[in-house]
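Since this is a predicted model, take the numbers as computed values, not measurements.
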Amino acid sequence: MSEMTQTAAKPRIERSATASRTYTIFVIIGLAALILAPMFFYPIFLMKLLCFALFACAFNLLLGYTGLLSFGHATFFGGAAYFTAYVVKEWGFPPELGILTGVVGAALLGLIMGFFAIRRQGIYFAMITLALSQMFFFFCLQAEFTQGEDGIQSVPRGHLFGFIDLNSSTNMYYFVLAVFLIGMVIIWRFINSPFGMILRSIRENEPRAISLGYSVARYKLGAFVMSAALAGLAGGLKSLVFQFATLTDVAWQMSGEVILMTLLGGIGTLIGPIFGAGLVVTLQNYLATSQFPVTIVTGVIFMVCVLVFRRGIIGEFYASRLGRKLGFEHRR
């Protein structure tokens with residue numbers, strides 16, 4: 001019996017080893033590409049892509065690994081943008097403390113919103129997040145510190161740690177890249193921890209998780225706050241990159257945009273949201289000055305992906321014969 005077990009386990013071990021080697025190669029290639037990217041692309045475009053990629057990955061942490069669809073993630077993204085922009089411009093905080101303020105503020109907003117939202121499931125959960133997000137939008141419209149429809153403009157980038165001038169596009173890009181990589185490592189560690197395994201069990205079979213004695217509400221709230229904090233990290237970075245924070249950042253359209261990015265790339269995958277964000281941001285960037293309407297082109301691509309790539313582009317690749325051979329489906 002033990003020999004049969006060892007024989008059956010051998011292919012799984014080999015697939016795991018293949019997956020690890022494949023992931024290592026792809027990570028090295030990806031890092032090299034990101035480091036060399038400013039030599040070939042406009043830094044502002046790259047920084048926008050990284051900010052929204054981190055935002056999409058933060059959203060995917062909630063949807064893809066916990067099974068909770070939020071229509072209110074713009075609250076955390078835009079809220080952190082406002083908090084960061086205000087403390088940096090009005091209080092003179094350095095950029096690192098400004099971003100930290102945005103992350104803490106987004107986490108507190110996530111704690112408040114999550115406390116009410118996790119009491120419901122499915123579409124009711126989504127509608128509660130949308131309603132609370134709209135309440136925050138109107139708060140930002142009326143609040144004095146947000147400067148209403150004008151937003152907070154001319155936000156200084158300042159000096160990182162007091163000596164790295166972030167007004168240089170090159171310095172700012174590598175700072176954004178470093179924060180993006182830190183955020184991705186946090187997400188990777190989170191989903192591969194025992195906490196992440198419990199979240200997956202809640203996504204797959206919540207009644208079973210409850211029967212095993214897990215406090216599902218606490219785990220959901222923890223995932224919600226973590227997702228909000230990482231979305232806030234992306235929002236704080238965005239406010240420094242573009243040097244402003246406006247109502248667009250907290251509007252419901254921003255929540256819809258991050259959902260679109262995640263679905264296009266593939267929910268429940270680590271790099272799917274990055275690919276989806278890259279696709280959407282690239283379309284917005286290169287079609288903005290053309291005759292083609294960006295929203296229609298994006299909508300057509302989304303419909304094609306829904307019809308052809310039911311799991312998202314990266315999700316379908318993972319499930320393909322090549323993806324299975326490389327071990328991606330095993331590591332999903």
Side-chain angles (χ1 to χ4, degrees), residues 31 34-58 74-107 109 140 143-186 228-251 254 258 274 277-278 281-282 284-285 288:
L31 285 175
L34 288 172
I35 291 172
L36 298 176
M39 299 174 59
F40 305 98
F41 299 98
Y42 191 44
I44 293 294
F45 163 71
L46 294 173
M47 286 186 280
K48 180 181 179 181
L49 193 155
L50 290 176
C51 289
F52 279 94
L54 181 58
F55 184 26
C57 289
T75 295
F76 317 125
F77 182 80
Y82 273 121
F83 299 148
T84 298
Y86 183 81
V87 299
V88 169
K89 181 179 180 180
E90 301 297 334
W91 294 355
F93 277 28
E96 62 273 16
L97 288 183
I99 292 176
L100 181 61
T101 302
V103 171
V104 173
L109 288 173
C140 291
E144 183 178 350
F145 84 97
T146 63
Q147 300 181 27
E149 295 181 353
D150 294 331
I152 304 176
Q153 303 181 24
S154 302
V155 178
R157 290 180 177 176
H159 291 73
L160 182 64
F161 305 124
F163 64 92
I164 301 176
D165 186 9
L166 295 183
N167 291 303
S168 166
S169 295
T170 302
N171 292 344
M172 188 66 197
Y173 170 75
Y174 286 111
F175 171 58
V176 172
L177 176 59
V179 175
F180 169 77
L181 293 176
I182 291 172
M184 292 304 301
V185 170
I186 292 173
L230 289 167
L233 181 62
L237 271 179
K238 181 263 175 191
S239 68
L240 291 181
V241 169
F242 292 98
Q243 297 183 275
F244 61 78
T246 65
L247 290 172
T248 303
D249 300 328
V250 293
M254 184 64 70
V258 74
I274 300 175
V281 171
T282 301
Q284 291 176 345
N285 186 71

Donor-acceptor pair, Thr101 side chain versus Thr84 backbone, under 3.5 Å? no
Output yes when a side-chain donor or acceptor of Tyr82 lies under 3.5 Å from a complementary backbone atom of Gly102, and no otherwise. no
In terms of the angle between their ring planes, are Tyr86 and Phe145 parallel, tilted or perpendicular, with boundaries placed at 30° and 60°? perpendicular
Val241 backbone acceptor or donor facing Arg157 side chain under 3.5 Å: yes
Which atom names give the shortest non-hydrogen contact between Val281 and Phe45, and what distance separates them? CG1-CE1, 3.9 Å
Are the side chain of Lys89 and the backbone N or O of Ser154 linked by a donor-acceptor pair below 3.5 Å? no
Show the nearest heavy-atom pair for residues Cys57 and Met184, with the distance to one decimal. SG-SD, 3.6 Å
Considering non-hydrogen atoms only, spot the tightest contact between Phe77 and Asp249 and give its length. CD2-O, 3.9 Å
Looking at every non-hydrogen atom in both residues, tell me the closest pair between Lys48 and Phe242 and how far apart they are. CB-CZ, 3.7 Å
Minimal non-hydrogen separation, Ala106 against Ala80, with atom names: CB-CB, 4.2 Å
Thr75 meets the side-chain hydrogen bond (donor to acceptor under 3.5 Å, both in side chains) criterion, sequence neighbours left out, with Ser133
Looking at every non-hydrogen atom in both residues, tell me the closest pair between Ser169 and Met47 and how far apart they are. O-CE, 4.3 Å
Taking the side chain from Thr146 and the backbone from Cys140, do they hold a donor-acceptor pair closer than 3.5 Å? yes
